[in-house]
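Remarks on the structure that follows.
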Amino acid sequence: MKYNEYKQLDYAGLAEEVRAYWKQNRVFEKSVETREGNPTFVFYEGPPSANGAPGIHHVMARAVKDIFCRYKTLQGFQVVRKGGWDTHGLPIELQVEKELGIIKDDIGKTISVEEYNARCRETVMRFKHQWDDLTERMGYWVDLNNPYITFDNQYIESNWALLKKLYDKGYLYKGYTIQPYSPSDGTGLSSHELNQPGCYKEVKDTSIVAQFKVTRDAQSDFLFTRPTGDVFILAWTTTPWTLPSNTALAVGEKISYVQINTFNPYTHQPVSVVLAKALVGKYFSEKNKDLALTDYKPGDKAIPYEMVQEFTGRELVGLRYEQLMPYLQPFYDADKAFQVIAGDFVTTEDGTGVVHTSPTFGADDFRVAKQHGIPALTVKDELGNELPTVDKRGKFINEIGLRLQEGVQKYNIKTHKPLGPDDFYVKNYTNEDESHPDYKNTDVIISIILKEENKAFKVEKYEHTYPHSWRTDKPILYYPLDAWFIKTTAVKSRLIELNKTINWKPESTGSGRFGNWLENLVDWNLSRSRYWGTPLPIWRTEDGDEEICIGSVVELDREIERSVAAGVMTENPLRKAGGTGATAEASEKESLLDKAEELLKKAIGAEDENAQFQMGDFDYYSFDLHRPYVDNIVLVSPSGKPMKRETDLIDVWFDSGAMPYAQWHYPFENKEIFEQNFPADFIAEGVDQTRGWFFTLHALAVMLEDSVAFKNVIANGLVLDKNGNKMSKRLGNAIDPFETIGRFGPDATRWYMIVNAPPWDNLKFNIDGITEIQRRFFGTLQNTYSFFALYANLDGFTFQEAEVPVAQRTESDRWIISRLNTLVQEVAAFFDDYDPTKAARAIQDFVTDDLSNWYVRLNRKRFWKGELNQDKRAAYQTLYTCLETVAKLASPIAPFYMDRLFLDLNRVSGRSQAESIHLEFFPDVQQDLIDVDLEQRMHLAQTVSSLVHSLRKKQMIKVRQPLSRILVPILDEKTKNQLQAVEDLILSEVNVKTLEYLEDTTGILVKKIKPNFKRLGQVFGPKLKLVTAQIQQMGQEDIAKMEREGFFEIPLGEDDTTVLSREDVEILSEDIPGWLVASEGSLTVALDITITEDLKLEGMARELVNRLQNLRKDSGLDVQDKIRVFLQEGQEEVAAALRAYGAYISEEVQAVELKLVPEISDATVLELDEFNLPVHLEVAH
RNA sequence: GGGCUUGUAGCUCAGGUGGUUAGAGCGCUACACUGAUAAUGUAGAGGUCCGUGGUUCGAGUCCACGCAGGCCCA
């Protein structure tokens, strides 16, 4: 049996062949099966969405996942990899809407929800085959045959079970969140709708800088040192209608603020105001700076001011102030209201650097208020529901309207019509005639009242862009809308605590991005008002007094039965074939009628009359838990009232965060499997998932299991184009993964992506980089293999014999084996640390530098010369072991190529029973074979050789010309011993006869002395410069004295001295007078370049060998062919060389005859340096 | 605006705990070598280590403030 030899390797074709081999031999399946019973390594696949084509970045992300799963398999772990699909969500809905040319509003009107969802279901898997294809082509091993699918009824049922568990724990509640809302059409708007062209309009609104009166207490006392009048904090708003519901003021902690004494421009009363220092110029004119406060008379145009003090926002945090418009009081947490808090969104771009906060009408406001426990200003309706101060039509509630009406009367405000308490719309939603001379909108009325009451510091028109409804063109409001939340804040500290146990790669994503997110956690808003998603399983009575959270299909069935019995529903759709929208597969399935019959029998047979439907009794394909079917189900409350489902869908991130449970239809089935596969040992996704999947996995695991969901995580970066720009189809810089893999094969593509940058850095993807990897790494490795295969085949080396004991192998064999074991150790450590890049780099450096460029180069002759003796066998065995081990180490990253390499080797040797490298085991480190000294001295040999090469180069003496000796000055005994051990290697590598050591007793070495800065710096500190100068002044004699005596005294300053010890300096030899020297670090090499007559002849012999070898090759001779050689007489040099080295030449070129002849027919002319030589060469038979 | 992250040769990247002459590969130039040859060796050119301050005897490395790119969030 022969080792496969390849003329030219087609990497992409090779991968396809290996892929077919894997498929045929079920290698992936076996890689899991053969590990049955072993410890498991749990991996979770973050589900991709198949509604778009996969991109090159998916190759990157999936390569990372694949590498560690394969690595752990090699280590003997069983790694079950269940694939999955993310199938719900807005992107799919938007895509369908785009394709159908409809908008969300049309759903339920021009298209039924049923049709719409059917369309989504169909769209979502549109690119599945492309994904599957890429998965296989790139060699990502994941179980595609039994994936979890998030729209599956069983998956949804699992979600429901989890939701119910959260509900029962009190973690699921209905609250509100601030969203864009259009009173003119009575509906919320999505951010997508808000981004429609024309929605943002340029409008002029009334803006107010309001004065919030500071309450004097211990903390605020520093503001009352010398104020004139009351102390106020100035806060700016462009929505004065939100002022009655103000409950806090936000400042920036790091922003500088000032206190200024001045006069209110409307009431002319003395006031002392606080605002951001950077914005003083906006309200106070520089030219009034010098006016005296005492000179001010009410009505003066120029208002004097005086800066009292400056401080940071941090000092304001916690201050209390009086409610600006005390019309209503918060009915909970009232003691927390009306204080200054820190807000990270506060800027000094405009306004006063203080932001008026109204938790019911601003998203930021809502968030910071929540974080600081500030209450919102709301009222309770007759049912006890919390309502904001503005109703859903955009009008102030009666309580506020009455007070505004009072204000209008009290301050004699002229309006275009008499205003009742029900007339205060916050925007013009009633189409009032704005051109009426006395028309005043609510904002204006509020500003007049505030001016009168000495609460407004500045009122002006402000032009800005403001969003409007795309239907009615009326302004929208940011308004609290109902939503269901998961109370993640309840477990915040536990989330943070457990996060600290997760190994994040990179660490900063875990502690920084993710950690900060947890620190600023708000409750998880689950609600989505869409159609294609997991429905929220909560049914409620209209008054909200009674509700039920459904946790399973069985439970739903039971409740429907109750509802049917109560006459609320007429039939149970779950028990009717096709009742709730049977999917296509359903018709092919067993009819539920049969099922029902069976159940009936069961029920009759059962003793328990109340025998219930049980899990497993349902045909999950005969109904559909999606909208609209689930909305048609009306349940009945304990008190007999109908309960309708809350129409919300849940956030799709819940779907994916639930995958550890729902992928197994847990808790309904597979309890054991779930328990064995939770939590994950490892997951990997893009860093953009930090607040997505990483968070939802973590949150659900902590809330449901009080555990992490994953122990190790790689958050990988983006794949950018070669210029560092984001790839996009629009820009045309997107890379097609199929094309790339088709051209370069998956191995080089994967290797490039991994070796080039750590996964968590962004990758600048450059096709040229793959070419380079292919040439440099795969090409070199393949060359090495080819070299091995060529000679192993000639010699019939099959590695059947016993291994030559390592101790009996050559220095270079033992060296490469030592390096190999060091490599195994390093690679394992890097993989264990989830750092594939360092692993790949280590392997690559080993292959190109150590194995190919040093070991093989140095040992070529051993492979092609002579019989298959023990030395040759040792060489083959060594190289074989290196190749096989490298294949194993690299197989997680380049799975196809390495398997082929392994199989090509193993096919002949049969050393392994495994059908594939991926069924093999990761090599053990053989510590006893690692010889650090040996590695060091080989490094020394490489350095010396390099120095000699460089000297030859300078003298233009070719390597083929032998030289007589190298001289190395020896400064310490160890170096000498090290060098002696590798002497032969060096001499043959650089073609020199002897290596001599120059012990420094003669004094002919010129030495150099350098301070040991690290040591001296610690001792002398600031005086180091003096010491350095003194050391540099030391002459050859001083250095010799120091070496002799071990210390040296130097002057230090005026009349101080210090004694330097041998360790304080570094002494190296720099030059040998009269020799050609080169040095690197502390190593110096001198070369004797005298070419004697004999050396010259030997050089000539080598020249002849070289030319004849070339001729053999050019003539197309086989390596083992014997030849006869005839040379033209006439060159004395040639004749002399032949006399002296004829035997050597004959052996090298495998000549059975080599002689000079007077006449040559059929001659080829060899070109030598100084003459041409006609020769004739023929094969000897 | 906030959080995180990156910035070192034309390109891609290394540069524990500070130590004085900042490296590798590719690319470029020149030369050499040639039973691995679409390989290899040697040498050369190529650097305000993003900027500005600071700490220190000494900063690519530590600190502060910026600038530019990226991601996420507002």
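Side chains included, hydrogens not; waters and symmetry mates left out as well; all remaining heavy atoms used. First the proteins, then the strands, lettered A, B, ... as listed; each starts at 1.
Taking A:Arg1107 as the reference, A:Glu1103 meet the side chain to side chain donor-acceptor pair (under 3.5 Å) condition, with sequence neighbours excluded. In this view, A:Lys1010 satisfies the side chain to side chain donor-acceptor pair (under 3.5 Å) rule with no residue, not counting sequence neighbours. Residues satisfying the side chain to side chain donor-acceptor pair (under 3.5 Å) test with A:Ser508, not counting sequence neighbours, are none. Listed by chain and residue number, A:Asn4, A:Tyr6 satisfy the side chain to side chain donor-acceptor pair (under 3.5 Å) test with A:Asp904 (two or more places apart in sequence, or in another chain). In terms of the salt bridge (charged side-chain N to carboxylate O under 4.0 Å, His left out) criterion, residue partners of A:Arg367 (sequence neighbours excluded) are, by chain and number, A:Asp344, A:Asp364.
Counting non-hydrogen atoms under 4.0 angstrom, A:Lys764 reaches the backbone sugars and phosphates but no base. Note on A:Thr1028: nothing from the nucleic acid sits closer than 4.0 angstrom, heavy atoms only. In this structure, A:Gly1017 reaches the bases: a heavy-atom distance under 4.0 Å links it to at least one base atom across the strands shown.
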Pull out every protein N or O sitting under 3.5 Å from an N or O of nucleotides 72-74 of chain B, one pair per line with the distance.
from	atom 1	to	atom 2	distance (Å)
B:C72	O4'	A:Arg513	NH1	3.4
B:C73	O4'	A:Arg691	NH1	3.0
B:A74	O3'	A:Asp364	OD1	3.3
B:A74	O2'	A:Asp364	OD1	3.3

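Counting non-hydrogen atoms of other residues, nucleotides and ligands closer than 6.0 Å to NZ of A:Lys838 gives a total of 12 or fewer.
Applying the side chain to side chain donor-acceptor pair (under 3.5 Å) test to pairs two or more places apart or on separate chains, those with a residue in residues 771-792 of chain A are A:Gln782-A:Tyr897.
Within the 4.0 Å cut-off from OP1 or OP2 of B:G41, at least one side-chain nitrogen or oxygen of A:Asn853 is found. Between A:Thr509 and B:C4, a side-chain N or O to OP1/OP2 separation shorter than 4.0 Å is absent. Here A:Asn756 reaches the OP1 or OP2 of B:C13: one of its side-chain N or O atoms lies under 4.0 Å away.
If you take atom P in B:C72 and the same atom in B:A39, they sit 42 Å apart, rounded to whole Å.
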Q) What is the per-nucleotide protein-contact pattern of nucleotides 23-30 of chain B, from the 5' end, where B denotes a base atom under 4.0 Å from a protein heavy atom, S denotes such proximity for sugar-phosphate atoms only, and - denotes neither? A) --SSS---
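Atom CZ of A:Arg1015 is separated from atom C1' of B:C57 by 17 Å (rounded to the nearest Å).
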Pairs under 3.5 angstrom only: tabulate donor-acceptor contacts from the side chains of residues 756-764 of chain A to other protein residues two or more places apart or in another chain.
from	atom 1	to	atom 2	distance (Å)
A:Asn762	OD1	A:Leu718	N	2.9

